[in-house]
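Residue numbers count from 1 along this sequence. All values reported here derive from a predicted model rather than from experimental measurement.
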Amino acid sequence: MNDDEITVFRKARPEVPPYDDAAKARARSRLLDARTRRTGRSFRLPRLTSAQGLLAVGAATAVLIAGPTLLIKNLDGKTHRTTGTGNRTNALGPGATDDRPRPGQWSYTKSLHASSSKGAGGSLFGPPDRRVTREEWRSVDGKQTAFMDKGKLQTQTGAVGAVPSASPRSDYPYLLSLPAEPAALLAEVGRNIDKENGPTKATAEQRASRMFQIMEIWMRDVALPAKLRSAMYRALGQIPGVKYEGKAADIAGRSGVTFFRIEEGYLRNEIMVDPVTHQYLGFRAIAVRNHLSKADDGNMPRKRGDILGWGGLVKVGFVDKPGQRL
């Protein structure tokens, strides 16, 4: 019998206190329950410094399958029912037998993230007191992307994330080709880092920080097959310096777990995941101590508890055309 995700994590991170049987049962029961900016071509996180953190867009709606029927739990907390044989297919949990997209389909994502009344630019300049919702469609062949602009659907041609100078590569065909095994996946992350650095060798800390960032970039923007999500979930715990917490500060209020790293001694960068479906829930960057950040346009004081970035995906899955929603 294969190990469940709790056992897998315990083997990878033996220092984490063990779960008792009741905690496992509660986790299983849920299975039945940057600069982030719109550009004209794509909705993609540029390479960030660790001080900017994981200011990205997050992912995922929990879905379950029972025969031909999907039970979908959305942000509103209500469970919605739809047939699994129709044109719309949500990203499925680990028990699904075939959750890869069909040729001609599109990935649909709806994201929710924080903004601030004090402004933003690479990070929030004040409290996260506003919310912004975005929707994006990506063709699974990687050749087109679409988004809503002032209520109108805009479709553009061009391989998203496949620009030769862009790193890491994040076009859809590439993401679907990633190995669904943690060690091989981390090796691919390492190859991307080596390509970025060229002859310059990164320090161990720089390398680990970038590994965490790249993993989040790959997890956040599109619907991914269950086996790949599971590999990413397990790989996160194997990145040096990454710690685990059995709860999550999800922007949509969902239950989850958190993988995090402390960057530059003051910034906690978080990736939140559903431990059952292994769906990416979102990200958060929060200061854990006072800090004075130096920037080209002046120094910016950060106080302990300041949220620099926060977001997540509230819906994710496959549809048959741009503009179609789940």
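- Criterion: ILVMFWY side-chain heavy atoms under 4.5 Å apart, direct or through other members. Under it, Trp310 and Val132 are not part of a common hydrophobic cluster.
- Residue Arg131 qualifies as enclosed at atom CZ: its count of foreign heavy atoms under 6.0 Å is above 12.
- In this structure, OG1 on Thr258 lies 6.0 Å from CZ on Arg268, to the nearest 0.5 angstrom.
- A perpendicular orientation is assigned to the rings of Tyr244 and Phe259, their planes being inclined by more than 60° (bins at 30° and 60°).
- Using a distance-only test at 3.5 Å, with no hydrogens or angles considered, a donor-acceptor pair links the side chain of Arg229 to the main chain of Leu224.
- Atom-to-atom distance recorded for Glu188:CD and Glu181:CD is 13.0 Å, nearest 0.5 angstrom.
- Cluster annotation: Ile193 and Leu236 are assigned to the same hydrophobic cluster (Ile/Leu/Val/Met/Phe/Trp/Tyr, side-chain heavy-atom contacts under 4.5 Å, transitive).
- Among all heavy-atom pairs drawn from Tyr172 and Ala223, the shortest one is OH-O, 2.5 Å.
- A side-chain donor-acceptor contact under 3.5 Å links Asp99 to the backbone of Ala226.
- In this structure, the side chains of Thr109 and Ser111 stay at 4.5 Å or more apart for every pair of heavy atoms.
- The salt bridge (Lys or Arg N to Asp or Glu O under 4.0 Å) contacts involving residues 197-207 comprise Asp194-Arg207, Glu205-Arg261, where partners must be two or more places apart or lie in separate chains.
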Check the pair Met272 / Ile251 against side chain to side chain contact (heavy atoms under 4.5 Å, CB included), numbers first and verdict last.
CA-CA 10 Å; Met272 291 166 273; Ile251 194 169; over 6 Å; no
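- The only member of Glu270, Glu245, Glu216 that meets salt bridge (charged side-chain N to carboxylate O under 4.0 Å, His left out) when paired with Arg284 is Glu270.
- Side chain of Glu264 to main chain of Tyr266: no donor-acceptor pair is present (N/O by atom type, distance under 3.5 Å, no hydrogens or angles).
- The line from CZ of Arg234 to CG of Leu186 is 11.0 Å long, rounded to the nearest 0.5 Å.
- Taking all atoms of both residues into account, the shortest heavy-atom contact from Arg254 to Val314 is NH1-CA, 3.7 Å.
- Taking the charged nitrogens against the carboxylate oxygens, Asp320 and Arg102 do have a contact shorter than 4.0 Å, which makes a salt bridge.
- Using a 4.5 Å heavy-atom threshold, the side chains of Arg169 and Asp171 count as touching.
- No side-chain heavy atom of Val273 sits less than 4.5 Å from a side-chain heavy atom of Met232.
- Side-chain atoms of Asn269 do not come within 3.5 Å of backbone N or O of Ala285 as any donor-acceptor pair.
- Hydrophobic clustering of Ile, Leu, Val, Met, Phe, Trp and Tyr side chains at less than 4.5 Å, counting indirect connections, unites Ile217 with Leu176.
- The distance from atom CG of Asn290 to atom CZ of Arg302, rounded to the nearest 0.5 Å, is 12.0 Å.
- Side-chain contact check for Lys321 versus Tyr108: every heavy-atom pair is 4.5 Å or farther apart.
- Between Glu136 and Arg134 no salt bridge is recorded (no basic side-chain N to carboxylate O distance below 4.0 Å).
- Pro275 approaches Gly256 most closely through the heavy-atom pair CD-CA, 4.0 Å.
- With contacts defined as side-chain heavy-atom distances shorter than 4.5 Å, the pair Lys195/Ser167 does not qualify.
- Residues passing the side-chain contact (heavy atoms from CB on, under 4.5 Å) test with Arg130, sequence neighbours excluded: Ser115, Ser117.
- At a threshold of 4.5 Å between non-hydrogen side-chain atoms, the residues Arg325 and Val319 do not count as touching.
- Closest heavy-atom contact between Asp306 and Pro301: OD2-O, 4.5 Å.
- Expressed to the nearest 0.5 Å, how far OG of Ser209 lies from CD1 of Ile214 amounts to 10.0 Å.
- Gln213 places none of its side-chain heavy atoms less than 4.5 Å from the side chain of Pro168.
- Residue Ile286 holds its CD1 atom at 11.5 Å from CG of Leu124, rounded to the nearest 0.5 Å.
- Taking both residues in full, the closest heavy atoms of Leu175 and Leu228 are given as O-CD2, 3.3 Å, listed atom of the first, atom of the second, then distance.
- For the ring pair (Phe, Tyr, Trp, His ring centres under 6.0 Å) test, residues two or more places apart in sequence or in another chain that qualify with Trp218 are Tyr174.
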Which is it for Met148 and Trp137 under the side chain to side chain contact (heavy atoms under 4.5 Å, CB included) test, yes or no, and what are the steps along the way?
CA-CA 9 Å; Met148 298 301 295; Trp137 292 261; 3.8 Å; yes
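- Looking at Ser116, its side chain does come within 3.5 Å of a backbone N or O of Pro127 through a donor-acceptor pair.
- Side chains of Val257 and Tyr233 form a contact here, defined as non-hydrogen atoms less than 4.5 Å apart.
- Phe212 and Phe260 make their closest contact through CZ-CA, 4.0 Å (heavy atoms, listed as atom of the first residue, atom of the second, distance).
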